[in-house]
Amino acid sequence: LRSSPAFIPKAWLRVQMRHFSHGLLFMAALLPYSLGAEKSEETPDASLQKPCSFAQSGRDGRDGRDGRDGQDGQDGLSGPPGPPGPPGEPGAQGEGERAQPSTFTATTGTLFYSLITADDVRQNLLGEKFQAFETPTYTQSINFGKGTLTRNRIVRVTLAEPNVLDDSAQYVVTATVSHHNPVSPETDMDLFITVSDGKETVGYWTFDEGNLDNKQEPMRAVEGRSSKIFQPHPTLTLFPGATKYSPEHTIQVKLGIKKPASGIGKTFSGISHINVRQYTKVLYPKNGIYLDLYRDHAPEEYSIKYIEVRLERQT
């Protein structure tokens, strides 16, 4: 009778029911794991497994906006200058002359040209082509003080050496000499400007302002033997109207072709003065051609600013 359900105590039944419910709850908790294990055996591909129900994947982040272009930076300070470059190649030699010659007639074939100044003589730029027979001093001019001899040659410029030119050809020498007396234009300073072949000499005798007051011509044609002491044979002509001394005197002498030389002297003395002269002397270019300057009286002083001279062969 005790084993009959009708006689089971209620307290015992409650205990048993509680244990049974606990077991059901435990089995229910294990059920998902057993099912997942079975499913994993059926689908070995891990990519098909579902994640845990409480793990959610995050959303993809949005792409960031492109940044704005930066502004151009300011120019930096200039660097120090670089080292100088190598020198360039020298340019071609120019064909110009130091000064335009004081010529009267058109000739061709320049054989010699020079514009001689105090610096040229001081530095001996002409070498043996320039000879001074008295010792000069130099400022901006070539200065010759008082000498000891009358009609003494003070300067010779060699235009052509002997045995270079042909006697049968005609040549023209044009020379301008700018000179003055360092004391006063009225002080005596009568310079001879001549052309020589080393044996004969032709040219002009220039006069200072004191001579112009005596109505003498500013330039007088002269000729004679070529030597260190000149013995000229001048022609004297009165020339009214010459009242102003000019420091520049130009002569032009034609020589050659075995005929007597001819000359033209030009200066400006209040009015333009030209002295034309047919000489009796014959100059032979084969002997050489020279420009010779002579003093007049021994006490005279000369300051020569420049000598411009050209030798041409005339056609």
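If you read the sequence from its start, that first residue is 1, and numbering goes on from there.
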- If you measure from CD1 on I193 to CG on L291, what distance do you get to the nearest 0.5 Å? 8.0 Å

- Item | Steps toward side-chain contact (heavy atoms from CB on, under 4.5 Å) verdict (T117, Y138) | CA-CA 10 Å; T117 65; Y138 305 103; over 6 Å; no

- Please report the C-alpha distance between T194 and L293 in whole Å, then the side-chain angles of each, then the deciding distance to 0.1 Å, and finally whether the side-chain contact (heavy atoms from CB on, under 4.5 Å) criterion is met. CA-CA 6 Å; T194 69; L293 305 183; over 6 Å; no

- Do you know the tightest heavy-atom contact between S196 and S226? OG-OG, 3.1 Å

- Item | Heavy-atom side-chain proximity of V177 to H249 below 4.5 angstrom | no

- To the nearest 0.5 Å, what is the distance between CD (E312) and OG1 (T110)? 4.0 Å

- Message: Counting C-beta onward and ignoring hydrogens, is there a side-chain heavy-atom pair between Y171 and L159 closer than 4.5 Å?
- Response: no

- Decide yes or no for Y204 and T250: does some side-chain heavy atom of the first lie under 4.5 Å from some side-chain heavy atom of the second? no

- Side-chain donor-acceptor pair under 3.5 Å between Y113 and E308, yes or no? yes

- Main-chain N/O of L191 paired with T206 side-chain donor or acceptor, under 3.5 Å: yes

- Interatomic distance, NZ@K266 vs OG1@T174, rounded to 0.5 Å, equals 11.5 Å

- Message: Within the 4.5 Å heavy-atom criterion, are V172 and L311 side-chain neighbours or not?
- Response: no

- Flag the pair Q278 / P260 as yes when at least one side-chain heavy-atom distance between them is below 4.5 Å, and no otherwise. yes

- Query: Taking atom types as modelled and ignoring hydrogens, do the side chains of N143 and S303 form a donor-acceptor contact shorter than 3.5 angstrom?
  - Reply: yes

- Task: Test L255 against Y284 for side-chain contact (heavy atoms from CB on, under 4.5 Å), laying out the working first.
- Result: CA-CA 7 Å; L255 63 152; Y284 293 92; over 6 Å; no

- Message: Quick check: closest heavy atoms across I257 and S168, and the distance to 0.1 Å?
- Response: CG2-O, 3.2 Å

- Message: With clusters defined by side-chain heavy atoms of hydrophobic residues (ILVMFWY) lying less than 4.5 Å apart, directly or transitively, does L111 cluster with I251?
- Response: yes

Return all side-chain donor-acceptor pairs below 3.5 angstrom for residues 121-133, not counting sequence neighbours, or 'none' if the list is empty.
unit_1: R122; atom_1: NH1; unit_2: D119; atom_2: OD1; d: 2.4
unit_1: R122; atom_1: NH2; unit_2: T139; atom_2: O; d: 3.1

- Message: Whether E248 and K305 form a salt bridge (side-chain N of Lys/Arg under 4.0 Å from carboxylate O of Asp/Glu) is what I want to check.
- Response: no

- Message: Quick test of your reading of the model: are R153 and E134 salt-bridged, counting only N-O distances below 4.0 Å?
- Response: no

- Query: Any sub-3.5 Å donor-acceptor pair from N152's side-chain atoms to L149's backbone N or O?
  - Reply: no

- Is the NZ atom of K286 crowded by more than 12 outside heavy atoms at less than 6.0 Å? no

- Message: With clusters defined by side-chain heavy atoms of hydrophobic residues (ILVMFWY) lying less than 4.5 Å apart, directly or transitively, does Y279 cluster with V282?
- Response: no

- CG on D197 to CG on N287, rounded to 0.5 Å: 5.0 Å

- Without swapping roles, check the side chain of Q231 against the backbone of G224 for a donor-acceptor pair under 3.5 Å. no

- Any ion pair linking R225 and E200 (charged N to carboxylate O, less than 4.0 Å)? yes

- With side chains defined as the heavy atoms from C-beta onward, is the minimum distance between V202 and V222 less than 4.5 Å? no

- In Å and rounded to the nearest 0.5 Å, what is the CD to CD distance from Q314 to Q170? 4.5 Å

- Item | side-chain contact (heavy atoms from CB on, under 4.5 Å) evaluation trace for L165 with I289 | CA-CA 9 Å; L165 303 181; I289 299 180; 3.5 Å; yes

- Should I229 and I154 be regarded as members of a common hydrophobic cluster, given that ILVMFWY residues are connected when their side-chain heavy atoms come within less than 4.5 Å of each other, either directly or indirectly? no

- Note on the structure: Residue set satisfying ring pair (Phe, Tyr, Trp, His ring centres under 6.0 Å) with F230, at least two apart, ordered chain then number -> F192, Y294

- Item | Point-to-point distance, once rounded to the nearest 0.5 Å, from OG1 of T158 to OH of Y290 | 5.5 Å

- Item | Presence of salt bridge, R156 and D292, under 4.0 angstrom | yes

- With a distance cut-off below 6.0 Å to the six-membered ring centre and an angular limit of 45° from the axis, does R151 pair with W205 as a cation-pi contact? yes

